[in-house]
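Single-structure report; data block below.
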Amino acid sequence: MAAATVRTAPYGTWTSPITAAEVAAAGTRVEWVGFVGEHVWWTELRPQEGGRSALVGRAPDGTVADLLGAGWSVRSRVIEYGGRPWLALGTDASAGFVFTHGGDQRVYRCVPGADPVPLSPEPELPAGFRYADFARVGEEVWCLRETLLDPAGTEVRRALVALPLDGRAAGDPGAVRVLGAGHHLMTGPKVSPDGRQVAWIGWNHPDMPWETTDLMCAPVRPDGTLGPARRIAGGPGVSVGQVEWAPDRPGVLYALSDPDGWWNLHEIGPEGDSRSLCPRAEEFGEPLWRIGARWFLPADDGRLFVVHGTSERRLAVLHPDGSLVDVPSPYTEWAQLATDGRRVAGTAAGPQLQSSVVLVDFGSLEDSYASEGPRLEKLRGAGPGHEASRNADWLPYGSHEVFRNEDGEDVHAFVHLPHNPGFTAPEGELPPFLVQAHGGPTTRSHLVVNREVAYFTSRGIGVVDVQYGGSTGFGRPYRERLRGNWGVVDVQDCAAVARGLVARGLADPERIGIRGGSAGGWTAAASLAAEPSLYRVAGIYYPLLDPEEWRDRGTHDFESRYLENLLGPWPQAAERYARVSPLRRADRVRAPFVIMQGLDDTVTPPVQAERFLERLGGAVPHAYLTFEGEQHGFRRAETVVACLHAELSVYGQVFGFEPPGVPRRELSA
């Protein structure tokens, strides 16, 4: 309920019920949805439980319960960003399931009423194995396996393997069957309905999966081994991000691919012939940052359940004649799709709706679009941060706006103005604004309920979430604007949006800050050096700061050659690496900042931040927060709370206000 009276107070000093603890609780994330007969299961990342991922099930009677005890975390760390970590072993929940345990990355089998038992061997190497993206084939589970040859994850081998369900491989590594490899990086196996073929996606360094991938297919021999694999789609300059078999047409595959510059859906015949099913200047998927992600799935009757859009992803049904019919829904961001052939479930969110698991029931296939339309039901159970309406009156009303950069190109952004029903600012005061740069950088932000954004806007600080050149959602040409220009295009686009807000009379030009994590932390740090007269402060999370060291030995295998796309091949582009490096340009930084870093981060190790601070030599006021046990992307509630408190305190000191109820974080120089 909105506040009864409205007080006048300067921006930044407004009180808000959206606390840092609430933001952390709202960080509960639902993922990896699947059907198990009439049941729907999903994983749930819980910051309030130390960042563990619970496996949760919803029964037909509406009962929602955890499927494993508190000591188990269903999470795979393949390619560090993870992959699909569980698989039901049948359409009946009583058949049990397999999963990767986050603690040791071994695969376990669990049946109702019994403790999980291991299926994969104990690691024999210093770093061990990781598994994800499972498929059941007879009495085996086929999946992707990573073999880490060093603890930092910089030397890795990958292969498709088969684990026997009887558990004998737990004590005998020789019982694991290697099915095949061929590429340095791979997805898990997609087994055809008749069991005769297997498809997967592969790619090699220096490509990333949104640049060039190969769609591979191999026959399954009678003895369970794979025959010679052949490429049936993809190739240079084409990205295949997902593949599924047609359930009723032997040898036919559906693939998410971008030969025309947009991730559209294609049908691929047994001989490799391809046709686009619904050519549009829209994306029907996302970049493959996580192994086993699903943005489309075939129904039982020749239709496809899909997501599509540019700055959003709506759920739709793609019919065999190419017509696309949106599912009526208040949700504007759908992902993590699952289907039982007639129903579809997934994660869904909207501008005023927090991410939840939502089930769509189309009724009978013959009457899918009856006058009442498909039925939507929110399945996510009650718990901290699950209440979508909690403090809803304090959530901002974000809008998608388009700005122009200095080259006259469009720059998309989501603008969140300060909003609090209990406060207004003094007449004539303009609000401070934070420019937010998303991570990736080959990804995007979503215009949905974001309580981290609301934490600032409800206190009188505007936030603009910039979809700088390089972001996804707007076709390959838009995301390739960043090719060879990281640290330039992203920085210039963020500055163009900030200046655009000032020109529109929406932001105080003397109180502009910038924040971001990972690649967004790079952009924030690079922006401090490139735009010293624009930004007054920065909040920087687990940033990449030294591209030369990162390229040589500073990150994990998946992204180890990423910079060849973002900055250019080494050593030919060495001068460019040095020119945009935040570490090399530290002497240009004038604005105070706070850096927040996980000490177990293998993607952007803490040594990067430490060298950056050494280079500054105490010349700039700053704070440096480190967190034991945190990796790349914080998972623990207490970490999230500490970071938001530190950010807000530092912003207040720089922008000239004292945020009420927030402990002061002293800046040191």
When Trp210, Trp570, Trp550, Trp522 are each screened for ring-ring contact (aromatic ring centres under 6.0 Å, His included) with Tyr562, the one that passes is Trp210

Strictly below 4.0 Å, N to O, side chains only: are Glu658 and Arg664 in salt-bridge contact? yes

Would you say the rings of Tyr542 and Phe634 are close, in the sense that their centroids are separated by under 6.0 Å? yes

Would you say the side-chain atoms of Asn204 pair up with the backbone N or O of His184, donor to acceptor, closer than 3.5 Å? yes

Give a yes or no answer on whether the side chain of Gln467 reaches the backbone of Thr472 with a donor-acceptor pair at less than 3.5 Å. no

For the side chain of Gln48 and the backbone of Ala24, is there at least one donor-acceptor N/O pair under 3.5 Å apart? no

Any salt bridge between Arg479 and Glu211, counting N to O under 4.0 Å? no

Tyr468/His438 aromatic ring centres below 6.0 Å: yes

Should the pair Glu286-Arg444 be classified as a salt bridge under the 4.0 Å nitrogen-to-oxygen rule? yes

Could you go through Gln436 and Asp465, starting from their C-alpha distance and side-chain angles, then the distance that decides it, and tell me whether this counts as side-chain hydrogen bond (donor to acceptor under 3.5 Å, both in side chains)? CA-CA 5 Å; Gln436 185 162 285; Asp465 207 338; 3.2 Å; yes

Students often mix this up, so state it plainly: with edges at 30° and 60°, are the rings of Phe423 and Trp14 parallel, tilted or perpendicular? parallel

Sub-3.5 Å donor-acceptor pair from the side chain of Arg29 to the main-chain atoms of Ser53, do we have one? no

Is it true that Glu406 and Arg499 have a side-chain N and a carboxylate O under 4.0 angstrom from each other? no

Hey, are the side chains of Pro17 and Glu22 touching, using non-hydrogen atoms and a 4.5 Å cut-off? no

So, Gln354 side chain and Val449 main chain: donor-acceptor pair closer than 3.5 Å or not? no

Between Gln653 and Arg665 (side chain of the first, backbone of the second, donor and acceptor by atom type, cut-off under 3.5 Å), is there such a pair? yes

Checking the side chain of Glu452 only, and the main-chain atoms of Ala20 only, is there a donor and an acceptor separated by less than 3.5 Å? no

Start with the C-alpha distance between Val30 and Ser356, add both sets of side-chain angles, then the distance that settles side chain to side chain contact (heavy atoms under 4.5 Å, CB included), and finish with yes or no. CA-CA 7 Å; Val30 288; Ser356 303; 5.6 Å; no

Given side chains that start at C-beta, do those of Ser518 and Tyr541 come closer than 4.5 Å, heavy atoms only? no

List the steps, then state whether side chain to side chain contact (heavy atoms under 4.5 Å, CB included) holds for Val415 with Val497. CA-CA 10 Å; Val415 179; Val497 170; 5.8 Å; no

Should the ring pair His400 and Phe474 be called parallel, tilted or perpendicular, given that the plane angle runs from 0 to 90° and is split at 30 and 60? tilted

Looking at Glu630 and Arg636, would you say the former's side chain and the latter's main chain have a donor-acceptor pair under 3.5 Å? yes

Glu283 side chain reached by Arg313 side chain, heavy atoms, under 4.5 Å: yes

Answer whether the closest heavy-atom distance between the side chains of Glu146 and Val78 falls below 4.5 Å. yes

